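What follows is one structure encoded as structure tokens, with my remarks underneath.
Within every chain, numbering begins at 1; the chains are lettered A, B, ... in the order of the sequence lines, protein sequences first and strands thereafter. Note that these values count all heavy atoms, side chains included, but never hydrogens, waters or copies made by symmetry. What you see is a predicted model; the values in this text were computed from it and never measured.
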Amino acid sequence: MILDIQKLETGYGKLKVLLGVDLHVGKESVGLFGPNGAGKTTLINTIMGMQRPWSGTVKFDGQDIGGKSTHLVARSGIALVPQERELFPGMSVADNLELGAAWVPRAAGIEKRQLDMVVQLFPILKERLKQYVGTMSGGQQRMVAIGRALMANPLLLILDEPSLGLQPSIVAEVFERLALLKKEVAILVTEQNVRESLKAIDRGYVLENGAVALEDSAAGLAKNPHVVSAYLGI
Amino acid sequence: MALKRRATILAALSAAATILILLWKPSVINNGLQQAGLYAAIAIPMGLVLGIVHIVNLAHGEFMMVAAYATYFACRATGMDPLLAVLPAAAVTAAFGWVVFQLTIKRALKAPELNQLILTFGIAIALTQAVNILFTSQTFKLQLDYVSASIDIGEDTFPVWSYVFVAFAILYAVGLKLFLTRTTIGKAALAVGQNPKGAAIVGIDVNRVYGLVFALALALVGAMGALFLTKQSIFPSVGSPYTMKSFCLVAVAGIGNIPGILGASLLLGISEQVLRGFRDTRAWADIVFFVLIIAVILGRSIKWRKS
Amino acid sequence: MTKLRTEHLTRAFLGLVAVNDVSFSMEEGEILGIIGPNGAGKTTFINLVSGIIMPSSGTVEYKGRDITYLPAHDRARLGIARTYQLIHPLENLSLIQNVMVGSIFAKGNGLRAARAKAEEVCASLGLTGLDRDTSKLTILEIKKMEIARALANEPEVLFLDEVMAGLNSDETRELIAQVQTIARERKLAVGVVEHVMGVIKELTHRVIVLEAGELIAEGPYEEVSKNPRVIEAYLGGAA
Amino acid sequence: MNRNLARVVATLLGALAVALPALAGAYPLQVARNVMLYMALAITWDMLLRSGQISFGIAGLFGLGAYASILGVIRAGMPAWASIPFAAAFSALAALLIGYLILRLRGMYFSIVTLALAEIFRIVIHNLHDFTGGPEGIVAPQGVIFGGSASALYWLALGGLAVALGASIWFERSKFHFALTAIRDNEIAASTSGVNIFSWLLATFVITSGIQGLLGGIFVQSYGFATPDSVFSADFTLLPLAMALLGGIHGTVGPIMGAVLLGVASEWLKLQMPYGHLVVYGIIIIIVILFMPRGLYGLARKMARPAEGRAE
Amino acid sequence: MRKALALLAIALIAIPAFAQTGDTIKIGGIWTLSDITGKQGSAAALLAVEEINKSGGVNGKMLELIIADDEGKADKAAAAVEKLATVDKVEAFIGGMASGAEVGKIPAYAKYNKVVVATGAASSAIVEKALGPSPGSDYYFHLHPWDYNQGASYAEGWDAIQKKFPSIKIKKIFLAYEEGAFGKSSWDATKLLFGADKRYTIDGAPFKSALLGGGDYSAVLEAAKDFKPDLFLWAGYDADALPLLEQSKAIKFTPKIYLGAPPGWPIGFGSSKLSKNVMLYGMWSPSMNDTNPASKKFYDAYVKKYREEPATYFALLAYDAVKILADGIKLAGTTETAALVKALEATKYASPLGETITFKPSNIIKHQGITRQKILQWQNGFQEVLWPFEAATAAPVFPFPAWK
């Protein structure tokens, strides 16, 4: 088990957002679905130490990381591709990628290898290593964000809405790459574009109102009438 | 890109103006340059703190004052030249700044910026007044022969010592540029300045970087304190005008634009000297600074609204 | 009667065209769905129509009057109101005060009249506990408050930007019913941006579909949802 | 209950302010005048802050009013009392002109521009020797207004404070409250709710600047002289700011509490330690900001309802 | 630093200690205590009180000095007067330095109409004007010369010096003045007094004092150098003293007389090589200890009590103020204003400043004490008095040496 979350509760102020979430990720690719406000981003923030758990446990690679600072979580081997990308706009692509690896012990000494992998995954980045990230399109920035996360040679890669703001063609491309990646690294991905992401995952959870409403294999989810009506309605 | 074009036009215009003035009154350029160096070297560390830690440090000049006092007493006790004290002063001020940061500013990092402003204002008062109690309001000055160094060209004599400030300003700007773009820790600092959340995500200890950057800025301020002492008298309130000047220069340059501070200082230093060069405009030299600030900021805001 | 019409509305940001040559109209009493994938330009489109940003070219007409370059606050006075995708309560005002803002400034009401109006609007949405701070409201209440603030403008055109997002199915159903009642009773033209297709299906009379800033389809939901171009836009690549 | 308590406290304070000349000696009255002046400035600064705009130009408009008043008397032959409303009008007019230029700026840029303008006013007055008296300053020929009567001067200062207080309370209870709070919370939501942001900001800037000018006029007539260094002193910007922050911002009560705290503390400290009291003053500011980030009023409110502490 | 702490401790103890004595005459002293002038002024006043009390007090009563801080601000100064007058119920006032703070006190002083022996405030434009003419301002005894007094005394002094030392010839005078009130009033006085006399050609230029954030004198020095003055004089602050000399040296500007007129000089200025033969305007220097016994007595007592040198003549003015006031009360036998004013009008006090202080009318007020400043010169690290000749401690060295 790489990530094991049990009975996790947290919230903001007096508002409880997660009401006891159980979720685990092994060496696999896991999807996390649900409407806006269901608590997906809160769950990710809690894993990453940006949000303190009120109760419950978050275990990563056998260690309790609940409540640890974000940078320590990141150094322990979880890489996040946040919804808002959170890149360094005034720095070059190369620097953004470099920073992905610079502070993570797991990536020490193998930066070159990781960089090769990233540019192989997103060839367009190779041409643009010197370009400032702030001047790139949303889709390209999304690639940089994924690339930056991969540079850390993570044990677990978390992607929060990787297709947000992307044109459909690029969405397809991103998920193709993710499908390739799942052999290398455990993945947890939240996505509104359920149909596309089902191709890239092994298993999925549906989160509703702060609790897991459904857990099934990708194939099972695709057939589930609730999922079809809510997310695959068209 | 637009920035670069603007910078080029500005550079060309100022080059032309410079040549004109050089022909007419060369000392204006000579003095303006040196004054600009002083302004820039003091303002750059403030720009660093504002750009990365996002704190307007109203105790900026006061830290320089403290460094200058420390250097003064060290030099008087040991007979050392303040130039030799530049590095120790930097180290001591950095350590002092780090402690002040940990005790106070760190706790206010997430507070509204106004609270930070008043906090550093309180620090400024406390530092000034503590020095006043210890050493009174009297001025101290080291007297050093090399400060009066000059070069004769034809009939004219040009003082040159203050080019040491120009050298430091350039050293600071270039050094910081290299540090922030070439070293891992520097890149981390830049990353924290641009996006603290993104920095934490890649494993950077944001609070530590804030502390380090603050200490680094204070090291630069401390070195300037020692250097300032070579030329100027010191007294408890000597730092506060430089806080305000630095703040304004940083704003004119644009937050996070450290090389821009060089340009802004140059513009200010030379235009001040030009006004002081004429009998009728002498008294108005002070105003040019503030008029420039307003012009630049309003000009920039109009541009923003357009895009 | 046509309440709102755009002609060739276009907006580019630094070379990126966010809304491209969109012409559409909204009729009195109509609930219009505005759909499209993320980044299709739905919110930009509403921003253009409500006056938060100005178009690069094209026109916006309100009841026959050209309002293309009218500032947002003047449009609010004329009768265009909206809510926001990311909820933005005015957090330093109480629930009722939030709602009053619409009435005070768009309608120029005095505080007392504005309060009466706000109470009326809140009642129609089933909001109670009107003097609470916004930090003490549930998501549903905040959504309703935002709608109430827009309604307190006494608008004729109302845009709801992802107002159902984050609500559970019971809450969604409740709000759909309320929006329908409101639109009918107040004779509003309502524009609705939603991701959840069930909502669009139930709520709207007609939809327009945007993709990469362009209007690619228009018509009743049942019809549009079978349009292959729409399916492709939504699902990406070969569906 | 709480509101009633507040009303009682306010009434008591008001009664105390009115009764003070009868109860207290000249020294407390003089200190009260100083405190009231800074209190009024703190309130006006806070009034603009309620829109989110941070002005560093209080001293500029205060000083402008001060000079308008004294020059009105000397150059235009105004009676001293009339020069005070004239000062208010002058500063308000200046604010109207400046406001058109600078109220589109936000954040630090607005702050710096106001600071720069204050300096420009000072330098202009400083350099117009023949008209303004230049750096040496200028003395009102008739001396201090009301013949220097301590109680009359107290009433004058109280009057200035009352204008600021009245305006602030009016702001809190009128459309201004809705407009400014909406602008501070979310300009976009405000504008689509019909708030004409620029107009409300301009009105607020003009009103608060006018009051600052009025206070400048009162100050100058109460002491009978003006010098650029005294009336454009950075103290008139920084102390009100610190007072408002220490008391608690975005309301009338906070600045009042802050002004009382700092005003009385500075006077009290001086009696305790004549040499070096300013260090303690600085340290008080540091401590209050660190441990009461929402100011005294924020702390008081938090303690009044401990059960609801958890949020924020 | 230890000295500073000792001074602080003494001052802190001193105030309540005196407050406890029973039947006393209370005097209020107001200074800007964070400033060296206020710090040493108040210390010197305490010394005077101590001396008077040791020798039996005044008319059988002990003197008690109560000190208040004006923070250099008009409003705080007014509060200080009110506090001393109503809470401490003092019977007379001394003190003062900055004109901007002094004007703030005047309405309150006038209200209480108690005797004031003022030690500072040179600005005739605001302070003397605010005081107004006699009899309204008769309670006010102003020790420090007004700005125009100073200007007149320099004109007088230079005439005298040129007459006595024919080798010294002054035709062209250049004044570099700081752009604030102090410098500007010096410039006005200089223009008026030297400029009116056709024997002199006057020019001047302002600079921003280092005290107020300046410190670059290149423009003003260039202007002075172009003018080629016989007498170059600058009116600024102690912070400007050495940097001005250094920058003058850098541009090889060597007037025949280089003269500074700051209120005080930086610590250790005399030991700087550049100080050699720089002239200055002032009121007192420790070198006067050799010729003036009153000066020596004061100096020794001050150094003994506080273990530091009096660095500013404001210390002596404060000391004198107490002594003059005590003598006046002795003579009048009361602190009642009319009688005390009359007694003070008869003052003939041999001051450690090297002159006998009497009160005469000035342009507006009736009671002006000192009207002359002195012309001094730094010689071998000491300030030697050149003029007035009766107080002189050395002959002038002329001209100012060229830079090496």
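Residue contact with chain B, scored on non-hydrogen atoms closer than 4.5 Å, involves the side chain of E/E179 exclusively. Looking at B/L142, the atoms closer than 4.5 Å to chain E (heavy atoms on both sides) all sit in the backbone: N, CA, C or O. Proximity to chain E is limited to the backbone of B/T230, based on heavy atoms less than 4.5 angstrom apart. Of the atoms belonging to B/Q232, heavy atoms from both backbone and side chain fall under 4.5 Å from chain E. Using a 4.5 Å cut-off between heavy atoms, E/K225 contacts chain B through its side chain alone, with no backbone atom that close. Of the two parts of E/L211, the backbone and the side chain both hold a non-hydrogen atom closer than 4.5 Å to a non-hydrogen atom of chain B. Heavy atoms closer than 4.5 Å to chain E are found in the side chain of B/Q129, but not in its backbone. With a 4.5 Å cut-off on non-hydrogen atoms, B/D152 touches chain E through its side chain but not through its backbone. Of the two parts of E/D203, only the side chain, counted from C-beta on, holds a non-hydrogen atom closer than 4.5 Å to a non-hydrogen atom of chain B. For E/W403, no part lies near chain B; criterion is any non-hydrogen pair under 4.5 Å. Using a 4.5 Å cut-off between heavy atoms, B/N30 makes no contact with chain E at all. Heavy-atom distances place the backbone of B/L144, and not its side chain, under 4.5 Å from chain E.
Using modelled atom types, no side-chain atom of B/S150 and backbone atom of B/P159 make a donor-acceptor pair closer than 3.5 Å. Without hydrogens or angle criteria, E/Q247 side chain to E/Y217 main chain gives a donor-acceptor distance under 3.5 Å. Looking only at distances, no side-chain donor or acceptor of B/E272 sits under 3.5 Å from a matching main-chain atom of B/A285.
A donor-acceptor contact closer than 3.5 angstrom links the side chains of E/D240 and E/S209. Side-chain atoms of B/N132 and B/S137 include no donor-acceptor pair closer than 3.5 Å.
The one candidate from B/Q273, B/Q34, B/R276 that meets the side-chain hydrogen bond (donor to acceptor under 3.5 Å, both in side chains) condition with E/D216 is B/Q273.
For the set B/S148, B/P241, B/S233, the count of heavy-atom pairs under 4.5 angstrom toward chain E peaks at B/S148. The greatest number of non-hydrogen atom pairs below 4.5 Å with chain E, out of B/V160, B/V28, B/T157, is found for B/T157. Ranked by heavy-atom pairs shorter than 4.5 Å toward chain E, the options B/D156, B/I151, B/D145 are led by B/D145. No other option in E/L245, E/T312, E/I251 has as many heavy-atom pairs under 4.5 Å with chain B as E/I251. Among E/G213, E/A239, E/A205, the residue with the largest count of heavy-atom pairs under 4.5 Å with chain B is E/A239.
In summary, the aromatic rings of B/F228 and B/Y242 are positioned with their centroids under 6.0 Å apart. For E/F182 and E/Y237, the gap between ring centers is short of 6.0 Å. A centroid separation of 6.0 Å or more is found between the aromatic rings of E/Y319 and E/Y302.
Applying the side chain to side chain donor-acceptor pair (under 3.5 Å) criterion to E/S275, with sequence neighbours excluded, gives no partner residue.
Between E/E308 and E/K39 there is no salt bridge, since no side-chain nitrogen of the basic residue lies less than 4.0 Å from a carboxylate oxygen of the acidic one.
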